[in-house]
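The chains referred to below are lettered A, B, ... by the order of the sequence lines, with proteins before strands, and numbering in each begins at 1. These numbers were taken from a predicted model, which means no experiment stands behind them.
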Amino acid sequence: MKKLINDPKNVVDESVEGFGLAHGDLVEVTPDPLFVSRAGGATTGRVGLVSGGGSGHEPLHAGFVGYGMLTAAVPGAVFTSPTPDPIVAATLKADGGAGVLHIVKNYTGDVLNFETAADLADAEGVRVVSVIVDDDVAVKDSLYTAGRRGVAGTVVVEKCAGAAAERGDDLDAVAAVATKVNSVTRTMGVALTAGIVPHAGEPSFTLPEDEIEIGIGIHGEPGRERIKLESADAIVDRMLAPILEDLPFSSGDRVLLFVNGMGGTPLVEQYIVYRHAAKVLADRGIEVTRTLVGNYVTSLEMQGVSITLTKLDDELTDLWDAPVETAALRWGR
Amino acid sequence: MSVGIDWVKAWVGDTVRVVSENRVRLIELDREIGDGDHGENLDRGFQAVKAKFDALPDGETPAAALKLVATTLISTVGGASGPLLGTAYLKGSQALGDATSLDSAAIAAFLTAARDGVVMRGKAEVGDKTMIDAWTPAVDAASAAAEAGKSVAETLEAAASAAEKGAESTEPLVAHKGRASYLGERAVGHRDPGAESSSLILRAAADAATATEASA
C-alpha cells in the first residue's frame with residue numbers, strides 16, 4: 001500500500017484541516033468536535049442543512065458546504081459514521097433560527113448516530129427533521145437487509161434541498177423537497193477494485209483481477225452479484241436495467257443523468273460510461289435534460305462508477321439549476 | 001458473594017487490554033463481511049474509556065462508572081457499534097440503581113437490561129448475525145445461573161461461555177442487519193465481528209469477577 005499519509009490515526013483531522021485551508025473563503029473548520037460549516041455561519045431565518053458520514057467519500061460531504069447547499073458537514077472516521085457529539089455541534093452551528101434538516105444516508109451507523117444527535121439537538125431547542133436517503137436499487141429486499149443504502153443520489157438531495165432552503169422554504173418544505181428528490185432518484189454502482197482503508201492498510205475486500213462486483217455500496221459492500229469483467233457498454237446495460245425498471249423511468253421522462261466516479265476510475269472511463277448510458281436512455285425516449293459527471297461520492301481509491309437517475313419536473317429542475325457555490329459544485333453565481 | 005466498583009474497574013481494564021490485543025483480528029473479521037473498521041473503532045473507544053477511568057474519582061457507584069463507559073463509547077466509537085454497545089452499558093447501568101454491591105441477581109439484571117437496550121436500538125433478533133447472537137444466550141445463561149444461586153463469578157463465567165458459543169454460532173448465518181446484510185449468502189462462513197467483540201467483553205467481565213472474588 002502506498003498512501004500520502006503521515007499517521008493513519010490523523011488522516012481525517014489532517015485532511016479536513018487542509019480542506020479548510022484550501023477553501024477558507026467558503027468554509028470554516030471546527031476541530032473539536034470536528035465539523036465543517038459555512039464561512040460566516042448560518043443565515044438568519046434560513047433552514048440549516050447538515051449532512052455527514054464516514055470519511056473516504058470525498059468530496060461528499062464537506063465539499064458541498066456553501067451557498068445553496070449544505071450549512072455544515074460532519075466527517076466521521078474513515079468509512080465510519082460520526083458520533084453524536086460533532087453532529088449536535090454542527091446542528092447548533094447550522095441553525096439560523098428556522099430549524100435544521102439532517103440528510104442521512106441509510107447505513108445503520110449513520111442512522112443510529114444522527115437519530116441520537118437529533119434528540120440531543122432537540123433538547124437544546126433546535127428543531128430537527130431528518131430525511132433518510134436510500135437511492136440504491138442494488139439492495140432488493142429490505143425485510144432481510146438493513147434496507148436500501150444511501151449512495152450517490154445524496155448529492156442530488158443535498159443540492160435541491162439546499163436550493164429550497166436558500167429560497168426561504170420552511171423546515172417542513174425543505175424536508176419535503178429532500179424526500180421528493182429521494183423518491184425519484186435511483187442509483188446503481190459497480191466496483192472493479194476495492195479501496196484501501198488507511199488504518200487497515202489492505203483492500204477492504206478482494207476482487208480477482210478478472211471479476212467485478214455489481215451493485216456495490218459506497219464502501220464496496222455488495223448488493224447483487226460478482227461477475228467476470230465485461231465491456232463498459234455491457235456493464236452499463238447491467239447497471240441501467242434495474243434502475244430503469246425500479247421507479248420506473250419511462251419514455252417521455254426528463255432526467256438528470258449522473259455518472260459518479262468511485263475515486264480510482266479516470267474521467268476518460270466515466271465518459272465512456274456516460275456515452276452508453278445516454279444512448280440507452282435516448283433509445284428509450286428518456287430525455288436527459290441535466291448532467292453531472294465526475295468524482296462526487298467516492299470510496300477512497302476504489303475503481304468503479306455509479307449511475308444515478310433523478311426524474312426531473314420543473315420544480316426540481318429549477319432547484320438543480322439554482323446557484324451553488326461549494327468546493328466541489330459551483331455554478332450560477 | 002458480591003462485587004462492586006473494583007470489579008467494574010477490573011472489567012474495564014481487562015476490556016481495554018483485550019480489545020487492543022484483538023484489534024487486528026476484529027478488523028480482519030469485519031473486512032470479511034463489513035468494511036474493516038470494527039477493531040479500530042472499538043480500540044479507539046476503549047482507549048478513551050481508559051483515559052476517563054484513570055481519572056475516575058473515588059466512591060463512584062458501579063452504575064455511575066458504567067454510565068461513563070456508555071457515554072464515552074457513544075461519543076468516540078461511531079458507526080453502528082458505538083451507539084449499540086454504548087446503549088448496552090447505559091441501559092445496564094440504569095438497572096443497577098445506587099447499589100454499591102452487586103450480587104449475581106443484580107449482574108443478571110444488568111446484562112438483561114444491557115441486551116434489551118441493544119435490541120431497542122438495533123432491532124435485531126437472534127439469528128440476524130449480530131452482537132445479539134452473543135448477548136441473548138449470555139443473558140439466558142446468566143439468568144439461569146443467578147436463579148440457581150451461583151456466585152457472581154460463576155454467573156459471569158456462564159454468560160461469557162454462552163457468548164463465545166453464540167459468537168461461533170454466527171458463522172453459518174446469513175446476516176439480516178447492518179452492512180453484512182448486503183452480502184446475502186456470501187456472509188455465510190464468517191463470524192460476526194460484533195458478536196465476537198461482545199463475547200470478548202463478557203469474557204473480560206468474567207475474568208475480572210474471578211480475580212476480584214479471589215482477592216476479596
Side-chain angles (χ1 to χ4, degrees), chain A residues 8-9 33 53-54 56 76-88 107-117 120 136 138-149 194-206 215-226 299, chain B residues 23-24 26-28 30-45 47-48 70-87 90 118 120-124 127-131 173-187 190 194:
Chain A
K9 285 193 163 39
V78 173
F79 285 2
T80 303
S81 72
T83 62
D85 298 7
I87 304 173
V88 172
Y107 276 102
T108 307
D110 291 286
V111 172
L112 291 179
N113 285 284
F114 269 90
E115 204 173 82
T116 307
L120 293 170
D136 183 6
V139 179
K140 267 283 180 194
D141 197 340
S142 63
L143 272 181
Y144 298 106
T145 66
R148 290 184 166 192
R149 302 164 292 210
I196 298 173
V197 180
H199 63 246
E202 290 178 61
S204 6
F205 58 97
T206 48
I216 48 128
I218 53 177
H219 314 87
E221 71 280 13
R224 292 227 164 180
E225 56 183 337
R226 186 170 285 193
S299 188
Chain B
R23 175 181 159 275
V24 172
L26 292 172
I27 287 174
E28 287 301 312
D30 192 28
R31 248 169 22 91
E32 288 164 5
I33 59 169
D35 59 358
D37 61 3
H38 189 58
E40 183 71 18
N41 294 341
L42 270 198
D43 190 36
R44 182 174 60 241
Q47 291 301 330
T71 53
T72 307
L73 292 181
I74 290 170
S75 65
T76 53
V77 175
S81 45
L84 290 171
L85 267 186
T87 302
L90 185 67
V118 178
M120 178 201 77
R121 272 251 168 268
K123 300 172 182 71
D128 283 347
K129 201 179 181 96
T130 72
M131 62 171 75
L173 298 176
V174 171
H176 289 162
K177 294 282 177 186
R179 208 165 286 171
S181 67
Y182 303 122
L183 276 161
E185 291 290 334
R186 282 187 280 174
H190 300 282

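In this structure, chain A has no heavy atom under 4.5 Å from any part of B/Val24. The parts of A/Phe79 that come within reach of chain B are both its backbone and its side chain, each placing non-hydrogen atoms under 4.5 angstrom from that chain. If you measure heavy-atom distances from B/Ser81 to chain A, you find no contacts under 4.5 Å at all. Contact annotation for B/Ala180: neither backbone nor side-chain heavy atoms come within less than 4.5 Å of a heavy atom of chain A. With a threshold of 4.5 angstrom between heavy atoms, A/Val78 approaches chain B through N, CA, C or O but not through any side-chain atom. Heavy-atom distances place both the backbone and the side chain of B/Leu183 under 4.5 Å from chain A. Neither the backbone nor the side chain of B/Glu32 has a heavy atom closer than 4.5 Å to any heavy atom of chain A. In this structure, chain A has heavy atoms under 4.5 Å from both the backbone and the side chain of B/Asp37. Only the side chain of A/His219 comes within less than 4.5 Å of a heavy atom of chain B; its backbone N, CA, C and O stay farther away.
A/Thr80 and B/Val77 make their closest contact through CG2-O, 3.7 Å (heavy atoms, listed as atom of the first residue, atom of the second, distance). Residues A/Ser81 and A/Asp110 approach most closely at CB-OD1, 3.3 Å, considering heavy atoms.
Counting heavy atoms from C-beta outward, B/Leu84 and B/Met131 have side chains that approach closer than 4.5 Å. Side-chain contact between A/Glu221 and B/Ile33 is absent, with no heavy-atom pair separated by less than 4.5 Å. Within the 4.5 Å cutoff, the side chain of B/Ile27 has no heavy atoms near those of the B/His38 side chain.
Between chain A and the residues B/Gly36, B/Gly82, B/Gly178, the largest count of heavy-atom pairs under 4.5 Å involves B/Gly178. Of the residues considered (A/Thr206, A/Thr116, A/Asn113), A/Asn113 shows the highest number of contacts with chain B, using heavy-atom pairs under 4.5 Å. Top candidate by heavy-atom pairs under 4.5 Å with chain B, chosen from A/Gly217, A/Ala138, A/Pro203, A/Gly54, is A/Pro203. Listed options B/Ala124, B/Gly78, B/Gly34 were ranked by heavy-atom pairs under 4.5 angstrom with chain A; first place goes to B/Gly78.
Cation-pi geometry between A/Arg149 and B/Tyr182 is met: the NZ or CZ atom falls under 6.0 Å from the ring centre, inside 45° of the normal.
Between the side chain of B/Asn41 and the backbone N or O of B/Gly79, no donor-acceptor pair lies under 3.5 Å. A donor-acceptor contact shorter than 3.5 Å is absent between the side chain of B/Arg23 and the backbone of B/Arg44. Remark: the backbone N or O of B/Ser181 is not paired with any side-chain donor or acceptor of B/Lys129 at under 3.5 angstrom.
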